[in-house]
Amino acid sequence: GEARLVAILRSGKSMDFQHLSFPYRTFPDGLVLEVFDAQNNKSVIKSEYGIIYSKTNVIDLSGNVVITTHDGKKLRTNQLYYDQTASWIFTAEKFMYINPENQTVMDGKGMDFNRDFSFLNAHKTYGYMTIKDTEEND
């Protein structure tokens with residue numbers, strides 16, 4: 001089998017509580033998580049605080065959470081959960097999603113999506129989208 005890099009986690013400080021009945025690790029000074037897809041494209045997730053729950057494979061990120069995808073899409077929120085097993089990301093908090101590809105800025109509350117942003121489910125939204133008007137020549 002071939003090995004491939006899927007993620008790099010960087011943090012100034014980590015506190016380990018793996019010895020507890022519900023083990024976890026905290027990152028009190030924040031973290032930066034670089035995630036690589038199958039084509040080796042890198043997306044970056046930053047937060048001011050993080051917890052990784054070992055038994056459930058869920059990462060809880062809080063405090064100025066920002067995801068920047070390899071193609072320039074950006075999500076900002078105050079708290080975000082990443083289910084590593086299901087490759088599913090979700091928040092119940094307010095968010096801002098920016099997609100430079102179609103010049104969309106969406107604000108809302110509550111969102112869930114897959115790891116590569118190819119499927120988004122925004123719960124309550126408002127925002128704006130630029131639509132290019134085209135002329136037809138007869």
Side-chain angles (χ1 to χ4, degrees):
E2 199 173 293
R4 125 179 136 74
L5 181 63
V6 293
I8 298 171
L9 174 68
R10 290 184 283 132
S11 179
K13 183 178 185 179
S14 174
M15 299 177 72
D16 193 329
F17 299 94
Q18 298 297 324
H19 64 283
L20 299 176
S21 61
F22 191 75
Y24 63 95
R25 287 176 53 199
T26 64
F27 301 88
D29 296 337
L31 61 85
V32 176
L33 180 63
E34 297 173 338
V35 182
F36 298 88
D37 66 14
Q39 290 75 40
N40 210 30
N41 296 312
K42 178 175 73 171
S43 295
V44 179
I45 304 169
K46 296 179 182 180
S47 73
E48 293 176 350
Y49 186 82
I51 303 172
I52 298 176
Y53 297 100
S54 306
K55 278 191 176 179
T56 60
N57 269 335
V58 170
I59 300 174
D60 176 357
L61 303 171
S62 60
N64 293 320
V65 182
V66 178
I67 298 176
T68 307
T69 64
H70 72 279
D71 56 357
K73 295 174 184 144
K74 191 172 277 194
L75 177 78
R76 296 178 183 274
T77 187
N78 282 323
Q79 186 161 30
L80 190 74
Y81 299 94
Y82 175 39
D83 181 336
Q84 298 178 87
T85 304
S87 292
W88 203 253
I89 304 164
F90 54 97
T91 183
E93 300 294 320
K94 290 182 179 179
F95 68 85
M96 175 186 282
Y97 173 69
I98 302 165
N99 184 347
E101 198 174 284
N102 60 12
Q103 300 178 1
T104 301
V105 176
M106 182 189 334
D107 293 299
K109 186 172 182 185
M111 173 186 264
D112 59 288
F113 50 96
N114 63 352
R115 188 173 129 169
D116 65 0
F117 277 81
S118 62
F119 178 85
L120 294 158
N121 179 25
H123 305 174
K124 295 180 183 177
T125 63
Y126 56 93
Y128 69 86
M129 178 184 288
T130 303
I131 300 172
K132 293 181 182 178
D133 192 17
T134 60
E135 290 185 26
E136 286 187 31
N137 295 328
D138 294 337

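The distance from atom CG of Asp60 to atom CD1 of Ile51, rounded to the nearest 0.5 Å, is 5.0 Å. Note that CZ of Arg76 and CD1 of Ile67 are 11.5 Å apart. Values are rounded to the nearest 0.5 Å. In this structure, CD on Gln84 lies 10.5 Å from CD1 on Ile89, to the nearest 0.5 angstrom. Taking CZ of Phe36 as the start and NE2 of His70 as the end, the distance is 12.0 Å to the nearest 0.5 Å. The OG1 atom of Thr68 sits 7.0 Å away from the NZ atom of Lys46 when rounded to the nearest 0.5 Å. The structure places NZ of Lys55 at 10.5 Å from CD of Gln18, a figure rounded to the nearest 0.5 Å.
Within the 4.5 Å cutoff, the side chain of Asn78 has no heavy atoms near those of the Lys94 side chain. The side-chain heavy atoms of Pro28 and Tyr49, taken from C-beta on, include a pair separated by under 4.5 Å. A heavy-atom distance below 4.5 Å is found between the side chains of Arg10 and Glu34. Residues Leu80 and Tyr82 have side chains not in contact (no heavy-atom distance under 4.5 Å, counting atoms from C-beta outward). Using a 4.5 Å cut-off on side-chain heavy atoms (C-beta onward), Phe27 and Leu9 make contact.
Residue-environment remark: NZ (Lys73) exceeds the threshold of 12 foreign heavy atoms within 6.0 Å. Within 6.0 Å of atom CD in Glu101, 12 or fewer heavy atoms from other residues, nucleotides or ligands are found, so the atom counts as exposed in its surroundings.
Relative ring orientation between Tyr53 and Tyr24 is described as tilted, the plane-to-plane angle lying within the 30° to 60° band. Using bins of under 30°, 30° to 60° and over 60° for the plane-to-plane angle, the ring pair Tyr81/Phe90 lands in the parallel bin.
Screening Ile59, Leu61, Leu75 for a side-chain contact (heavy atoms from CB on, under 4.5 Å) involving Ile45 leaves a single residue, Leu61. When each of Asp112, Asp83, Asn114 is paired with Trp88, the side chain to side chain donor-acceptor pair (under 3.5 Å) condition holds for Asp112 and for no other.
Minimum heavy-atom separation, Ser62 to Ser47: O-CB, 3.8 Å. Scanning both residues, Ser11 and Gly30, for their nearest heavy atoms gives OG-O, 2.7 Å. Between Phe95 and Lys124, the closest heavy-atom pair is CE2-O, 4.3 Å. What you find for Leu31 and Gly50 is that their closest heavy atoms are CD2-CA, 3.9 Å.
Listed for the Thr125 side chain is no donor-acceptor partner under 3.5 Å among the backbone atoms of Asp107. A side-chain donor-acceptor contact under 3.5 Å links Thr91 to the backbone of Gln79.
In the hydrophobic clustering, Val32 connects to Val44, either directly or through intervening members, whenever side-chain heavy atoms lie under 4.5 Å apart.
Hydrophobic cluster membership differs between Ile52 and Leu20, with clusters built from Ile, Leu, Val, Met, Phe, Trp and Tyr side chains linked at under 4.5 angstrom.
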